[in-house]
Structures are given as C-alpha cells and as structure tokens.
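To keep things clear, I will list the structure first and then write my remarks on it.
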Amino acid sequence: MAGFQSLPGFREFFPEDFSRRQHIFRVWRQSARAYGFQEYDAPVLEPLELYKAKSGDEIEAQLFSFTDKGGREVALRPEMTPTVCRLVGEKAGALKRPIKWFSVGEFYRYERAQKGRLRAFNQFNADIFGEAGPEAEIELIALLIQCLAGFGLTKDDFLIRLSDRDLWFFYLEALGLDDTQSRALLGAIDRYEKMGDDAFKGYAEAHGVLAEETKARVLAFLKIKSLPDLEAILRPFESEKLAARLADWRKVLGGLAAMGLQDFVSVDLAVVRGLAYYTGFVFEAFDRKGDLRALAGGGRYNDLIRKLGYADLPAVGFAIGDVTTGLLLEQRGLAPTFVNAPDVYAVIGGEAERAAAFADICALRAAGWRVDYPLKDVAFGKQFKIAAEAGAKLALIYGGDELAKGVVKIRDLSDRSEREVPRDQVVVAVREALGGGVE
RNA sequence: GCGGCCAUAGCUCAGUUGGUUAGAGCACAAGAUUGUGAUUCUUGGGGUCGCGGGUUCGAAUCCCGUUGGCCGCCCCA
C-alpha cells in the first residue's frame, strides 16, 4: 500500500462512485431545466475578502485560504451565494427578471469530516433574483421538492420544514423584546431542539432570565405545525407586520398545495438557520426516517447583494449537497446500478467475424449508441455473461452461421428473445429494439 | 480546535498466552468450455499487517509517536 493518500475529507471517484454522482447531478440538472432555471458556473478560487465581507472574519478558520504567488489573499469557495451575488450584481441592470439560475459545483470547507460532511463536496444551488414576493418561494420550494422526488424519494422519505426569520422578529417584537434580545433568543431557539431548556442558558447570562410568560409563548410558537395554528396564535396581536407576513405564508402554502405538494411541506418555526443574512422565509429539507444531516437548506436574503456593493436586488435561494443525498439514496436502495451500461454488446464468434462486427459497431457508435465488445477472442458463453453483467440491453451476435446468411442475430438480454435481421438493417433494428432515439 | 473508538489483500474479516513461509470468503484473472447469461470445479495474481520508533532472542500481536478513518462536541454558509 503506502505511497500517497488523498487529503482528509476529499473523495476519489472510481467509475462506480462517479456514475452514482453523475446520476445525482443529472436529476438536479433535469429538475432545474424543467423549472426554467439556467445553468452558470464561476471560479473555484475567489478573493478571501468576498467571504469575509459576507460572514465576518471568523469564517476564515473554516476556509481553505492561502496567499497566492502574487501576494493575493485567496480562498477556495465554501459556498456559491457570494459568487452568484457578484455575477448577478455585475449585470443586474441587463438581466431579464425574474433571474432564475442554478449551478452544480464543488465546494471546500476546512472542517473536521463527519458523517455527511466532508472537506470537498458538491452542491446544487438554485436562486431567484429580482422577485420580492412569495411567488419566488413557491417556485424554489417546488424545485427543491422535484430535486429530491426526481430520485424516487417520496413524501414518506423527506420533509421540507418552512420557517420565517422576519416572522420571528416581528413576533418577538410584539412580545416586547428589542432587536439585540431577539437575535440572541433566535440563537437559543436554534439550539432548543437539540439541547432542550439548556439552550436558554446563554441568553439568560447575557440578557437576564426570560420572563416565564414570554418563554411559554416562544415555546408555543415553536410547536406550531400548521397554518391554522399559526393564524390562531397570531390573532390576538394587532400588528400590521405580522398580518403581512401571514398573508405571504398563505400564498406560499396555498401555491404549493395547488401544485399538489402540500404533503412535502410543514410549518416548523424551530428552523432558524444560523446565518444572520436571511431576511424572511427559511427552509430546510430533512430525511424523515433517519438521523442524517439536513439534505438541503435555503431562504430569502434580500440585503446581501446590496451589502456586497451592488444593486438592491431581492433574492431567494437554496443548496442541496451530494454527500447527504448520496447517503439517503443508498439507504433507500435508490442508488443506480447501471448508469454507464452499454446499450449494445457485440458477441463476436472469432477473428473471421470480427471485421463484419467492427463495421456495425462503428456505425452504431456514430449514431450515438453505447456499444462495447470483447477486445480479444472470448468463448461464446462467456461473452453473454460479460454482456449481462455490464447491464447491456441488447446482444448483437456475429457468428459464422449468421454472417453466412447475411444476417445478425439480436438478442434482448432482458427477456432472452432473439430475432435475425439483415446486416444492412442493424442500425434501424437496434433503434426499434431500444425504443426510439439516443439519449 | 477538543474528546472517544479503530487501522491485516480491491472489499468484509480471522489470526490462540509474542514463536517458522500471515489465512478465509467475496472480487479479479486463466482454464475446464470454439454457439447462448445468475451454477460447479481447477489454477493463479495480489499483503514489507497504515507509517515511524521502542521493548524482546523473536512483534500483525506489547509500549510510544504519527497519519488516516469512523463517531460525538464546536461550527454548519
């Protein structure tokens, strides 16, 4: 063994792993295109300042950052949001609205690897810019659902938990807390699910013990699981802000219900999301059965583009990671087995038949089919075994008997049926047998 | 950054109180098998036991260090 190891938290993708990853990327891309999103990409290496500007100096500890040979402070991208904000910001005036963009790329974080968390990972990012209303949330959450349902996952497998940072701030304000207190309390609320009552200790040390009645109201808010419950709890407050948020909630949940997606989404105000730049709705996708990390997360960040020095442009976005998604698909038996299976495997009798087979193999490949054959003479029986193990759909049989008759035998490897076709109709016959065009 | 557990073939593992040349199953390759796929049999390749040091006549085995993995904490954009 010995030699070299890959760096901690970095993965190597042998063909089997690569095909699983490609399957994930393919579902994401198909989903995004179906929803009318356009794909973009951007540099993997960025100025360190781009991330400090968004998240503060302490972020540097979790970045792959260094000084390049030109003395520039740089970092491998830990996320897409600042980059895509820059891209959109640069051309904000020239882009048709709404701007619906997505990307698939690799990201890097200098953290200790854990289950579902590595130092290099892939993310699908989707964002809508230029739409301030909750219509953007409907579109994005629907896309997120499709990005998971596209693998064959159902409402029994995952759940989108929808929350709202603005609603929390307005609610806490109505309870009499100021902005600093509210921010501190949201930190406690974020930890409440995991730590229970201890989560409030930090808040008590900084801002004094929370009044029992306030705490009870906060905990009641956390328990809300439906829109009627939310409406009921907010009814006593005469707040225009709260009423406006509630109207947005009705729109988002109503829109998703109209799409038939209501079973995928739950009101859950326990989701706060650590990052302070979220300004409204926030949401996360979770595995319903297991104890995996979040599958996806996102929300509205209306101020970020302006804070980075560009136009004032509202934005909503989310990201899905490939690591947790891969684990979930594995657990559910939804990881594909034969992503790179050939369409056709040519079974070749011997050297004499090889030339005839080559002509057809080449023609089929030029037409776009995936075609494979044994490089050297192999026993007939073994060739069928190889074809079946590779996952080929059809075997084309080039034996002495067939060629003498001017035909090729086509064997359907799934039902073992066979038929003979004239040599000059092989491409047509393969197209018929495989049902239409090349992917 | 902190703590716990672990490291033997490509994979899953066995390896006795420290004792000759470190094993099995699976996988891979060749053959039995020159015309039809999940069987069977035979044979073969593949390991300086993660790496470095120490104790010992002798270390996969005991000790120390180190690297990596898993799990948890912090963090989670």
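Because only heavy atoms are used, hydrogens play no part in the values below, and waters and symmetry mates are left out as well, while side chains stay in. To find a chain, count down the sequence lines: A is the first, B the second, and so on, and within it residues start at 1.
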Out of B/rG3, B/rG35, B/rC76, which has the shortest distance to the side chain of A/Ile397? B/rG35
When you measure from the side chain of A/Arg411, which nucleotide among B/rG35, B/rC74, B/rG37 comes out closest? B/rG37
Looking only at B/rG37, B/rC74, B/rC71, the nucleotide nearest the A/Phe384 side chain is B/rG37
Can you check the A/Glu60 CD to B/rA77 C1' distance for me, whole Å? 15 Å
Checking N1-N3 plus N6-O4 or O6-N4 for Watson-Crick, or N1-O2 and O6-N3 for wobble, each under 3.5 Å, the partner of B/rA29 is B/rU43
Nearest 0.5 Å please: distance from the CG atom of A/Asp68 over to the CG atom of A/Leu48. 11.5 Å
Considering Watson-Crick and G-U wobble pairs with both distances under 3.5 Å, what does B/rG1 pair with? B/rC73
Would you indicate what A/Asp412 reaches in the nucleic acid, counting non-hydrogen atoms under 4.0 angstrom: base, sugar-phosphate, or nothing? base
Touch check for A/Pro78, heavy atoms < 4.0 angstrom, all strands: base, sugar-phosphate only, or nothing? base
Nucleotide nearest A/Ile59 (side chain, heavy atoms from C-beta), chosen from B/rA77, B/rC74, B/rG3: B/rA77
Among the nucleotides B/rG35, B/rG37, B/rG1, which one has an atom lying closest to any side-chain atom of A/Arg112? B/rG1
Please confirm whether the backbone N or O of A/Arg245 pairs with a side-chain atom of A/Asp248, one donor and one acceptor, at under 3.5 Å? no
Take the angle between the ring planes of A/Phe124 and A/Phe318 and call it parallel below 30°, perpendicular above 60°, tilted in between. tilted
Closest nucleotide among B/rC75, B/rA38, B/rU36 to the A/Arg191 side chain: B/rC75
Would you classify A/Gln383 as touching base, sugar-phosphate or nothing, given that sugar-phosphate means primed atoms plus P, OP1 and OP2, and contacts are heavy atoms under 4.0 Å? nothing
Can you tell me the Watson-Crick or wobble partner of B/rU16, both distances under 3.5 angstrom? none
Nucleotide of B/rC70, B/rC76, B/rG37 approaching A/Lys385 most closely (side-chain heavy atoms): B/rG37
Residue matched to B/rU48 through Watson-Crick or wobble contacts both under 3.5 angstrom: none
Could you tell me whether A/Arg77 contacts a base, only the sugar-phosphate backbone, or nothing, with contacts defined as non-hydrogen atoms closer than 4.0 Å? nothing
Out of B/rC76, B/rA77, B/rA38, which nucleotide sits closest to the side chain of A/Tyr278? B/rA77
Answer with base, sugar-phosphate or nothing: what part of the nucleic acid does A/Glu16 contact at a heavy-atom distance below 4.0 Å? nothing
A/Phe221 ring center within less than 6.0 Å of A/Trp168 ring center: yes
Checking N1-N3 plus N6-O4 or O6-N4 for Watson-Crick, or N1-O2 and O6-N3 for wobble, each under 3.5 Å, the partner of B/rG68 is B/rC6
In terms of side-chain heavy atoms of A/Arg416, which of B/rC74, B/rA77, B/rA38 is nearest? B/rA38
